[in-house]
Amino acid sequence: MTELTPVTEATATQAPQPRKLAVPDAQTVTEVKHFTDRLFSFRCTRPASMRFRSGEFVMIGLMAINEKTGKEKPLLRAYSIASPSWDEELEFYSIKVQDGPLTSRLQHIEVGDQIILRPKPVGTLVHDALLPGKRIWLFATGTGFAPFASLLREPQTYEDYDEVIITHTCREVGELTYGRDLIEALKTDELLNEVIGEGFWKKIKYYPTTTREESPKMGRITDLMRKGEAFKDLGVPVINQESDRAMVCGNLAFNLEIKEMLEEYGLEEGANSDPKHYVVEKAFLD
Ligand code: A2P
């Protein structure tokens with residue numbers, strides 16, 4: 001296990017110096033995977049008492065010195081939990097921002113290091129916020145895939161819907177790896193195959209697109225839907241209130257644009273207290 005030493009935000013880009021945290025909410029990192037120079041995922045221990053619904057987020061972070069007071073305090077950001085509610089550990093999928101206060105340091109964590117996790121999950125990307133439907137659309141850009149990594153491993157997703165469509169728009173091909181690997185792994189997921197039935201994964205339609213590097217399907221999902229191309233490719237009718245439900249998680253501009261489109265298709269925004277046809281959450285950005 002590496003020991004962490006306090007690092008100020010000003011020195012954030014220097015070599016990281018992890019240390020053991022003397023805080024009540026410390027959890028231990030159990031796995032780290034780097035995908036590109038902008039993306040990584042990690043797993044950590046889960047507090048025994050922590051319950052959450054797949055799709056929710058928590059506050060996680062590291063200790064940092066406050067430049068003004070010189071005192072050390074937690075530097076926390078909202079992160080969607082990428083692991084499903086039944087998993088013994090917690091998984092997170094993160095961007096690396098080289099001058100970002102938190103991710104400039106978080107990207108250097110190693111197995112055995114500790115992070116802070118406030119075990120109070122909340123969020124709107126949950127099944128409870130949607131009315132029953134036939135087909136669910138999970139719309140993600142970039143690290144917005146994280147809550148769907150949780151929901152795609154959640155049995156209820158397949159119990160509630162006949163079809164599960166996951167769209168993921170990224171700048172470059174390498175940014176699709178985390179999602180692609182996860183979906184591929186579902187085919188051999190023992191728990192889901194046992195609980196939902198062999199071949200459950202055939203309910204999933206995966207629609208990855210890139211915008212800045214060549215790939216088999218290029219373009220923003222919003223444009224591909226407007227042109228009707230996405231519906232044609234997927235072999236499904238245009239989104240409608242009767243059969244379709246949607247969850248959205250991406251950058252702000254994407255969220256606003258797709259929200260407007262979903263409203264045009266006749267869907268209304270739901271909430272935990274008032275389930276309707278779609279829900280939206282902003283992907284974590286440092
Ligand atoms: P683009 O390359 O055309 O900006 P980011 O990494 O900046 O969060 O972006 C992730 C992906 O989301 C990129 O492929 C980006 O496309 C796409 N994107 C950004 N804004 C929108 C939007 N308003 N509608 C659809 N896709 C968007």
Side-chain angles (χ1 to χ4, degrees), residues 33-42 55 57 60 77-82 92-104 106-107 123-125 136-152 165-183 205-234 236 238-239 244-265 267 269 277-286:
K33 280 187 190 167
H34 292 272
F35 297 96
T36 67
D37 57 358
R38 292 180 70 220
L39 295 167
F40 73 112
S41 71
F42 61 95
F57 66 84
I60 64 170
R77 293 286 185 274
Y79 265 82
S80 288
I81 304 169
F92 298 96
Y93 182 48
S94 178
I95 197 160
K96 304 175 192 175
V97 180
Q98 296 317 325
D99 57 355
L102 179 61
T103 64
S104 61
L106 197 63
Q107 64 183 284
T124 56
L125 301 183
I136 185 157
W137 292 79
L138 308 173
F139 291 108
T141 65
T143 54
F145 191 89
F148 304 142
S150 174
L151 285 155
L152 284 165
I165 300 177
I166 166 84
T167 83
H168 193 193
T169 299
C170 291
R171 297 181 190 187
E172 293 165 13
V173 175
E175 296 172 42
L176 295 168
T177 307
Y178 174 76
R180 191 184 297 269
D181 288 356
L182 187 137
I183 290 166
K205 286 188 166 165
Y206 174 46
Y207 198 68
T209 80
T210 56
T211 51
R212 302 192 196 184
E213 188 184 0
E214 201 159 334
S215 73
K217 184 53 67 174
M218 295 207 54
R220 293 177 165 194
I221 185 65
T222 40
D223 295 337
L224 293 163
M225 282 164 68
R226 256 189 222 102
K227 286 190 275 181
E229 195 173 324
F231 302 113
K232 201 166 150 237
D233 289 341
L234 288 160
V236 294
V238 172
I239 292 175
D244 295 85
R245 302 293 171 258
M247 293 189 182
V248 178
C249 189
N251 63 55
L252 191 60
F254 168 72
N255 286 1
L256 292 173
E257 200 174 321
I258 202 144
K259 191 172 144 80
E260 203 175 295
M261 290 178 70
L262 293 173
E263 296 274 343
E264 280 167 20
Y265 293 133
L267 272 55
E269 187 166 3
H277 315 114
Y278 78 92
V279 279
V280 182
E281 208 136 73
K282 194 166 142 285
F284 170 78
L285 288 174
D286 198 345

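All values derive from a computational prediction rather than experimental measurement. Both ligands and their constituent atoms are indexed starting at 1 by order of listing.
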Taking [atom] as the reference point, the nearest protein heavy atom with its distance:
atom	value
atom 3 (O) of ligand 1	Arg220 NE, 2.9 Å
atom 6 (O) of ligand 1	Arg171 NE, 3.0 Å
atom 25 (C) of ligand 1	Thr222 OG1, 3.1 Å
atom 23 (N) of ligand 1	Glu257 OE1, 2.8 Å
atom 13 (C) of ligand 1	Thr211 OG1, 3.6 Å
atom 11 (C) of ligand 1	Thr169 O, 3.5 Å

Worksheet item: When only distance counts, is Asn251 in polar contact with ligand 1, meaning an N/O pair under 3.5 Å?
Response: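 Right, the criterion is met.
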Discussion item. Is there a polar contact between ligand 1 and Gly142, counting only N or O atoms under 3.5 Å apart?
Written reply: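 No - when backbone and side-chain N and O of Gly142 are compared with those of ligand 1, no distance drops under 3.5 Å.
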Practice prompt. Return the minimal non-hydrogen interatomic distance between His34 and Gln107, and the atom names on each side.
Written response: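 Distance-wise, the nearest heavy atoms are CE1-O, 3.2 Å.
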Discussion item. I'd like to know if the side chain of Tyr207 pairs up with that of Asp233 as donor and acceptor (distance under 3.5 Å, no hydrogens or angles considered).
Written reply: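 There is such a pair (donor and acceptor under 3.5 Å, judged by atom type) between the side chains of Tyr207 and Asp233.
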Fill in: Region of Cys170 that comes within reach of ligand 1 [heavy atoms, distance under 4.0 Å]
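For Cys170, only backbone atoms sit under 4.0 Å from ligand 1.
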Worksheet item: At under 4.0 Å between heavy atoms, which part of Met218 makes contact with ligand 1: side chain, backbone, both or neither?
Response: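 None of Met218 does.
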Run the side-chain donor-acceptor check on residues 138-147: report pairs under 3.5 Å with partners two or more places apart or on a different chain.
residue: Thr141; atom: OG1; partner: Asn251; partner atom: N; Å: 3.1

Worksheet entry | Whether Glu175 lies under 4.0 Å from ligand 1, heavy atom |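 Contact check Glu175 vs ligand 1: negative.
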Worksheet entry | Option set Leu39, Ile95, Thr141, Ile221, criterion heavy-atom distance to atom 12 (O) of ligand 1, minimum |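 Nearest option to atom 12 (O) of ligand 1, by heavy atoms: Thr141.
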Discussion item. Strictly below 4.0 Å, N to O, side chains only: are Glu257 and Arg226 in salt-bridge contact?
Written reply: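 Yes.
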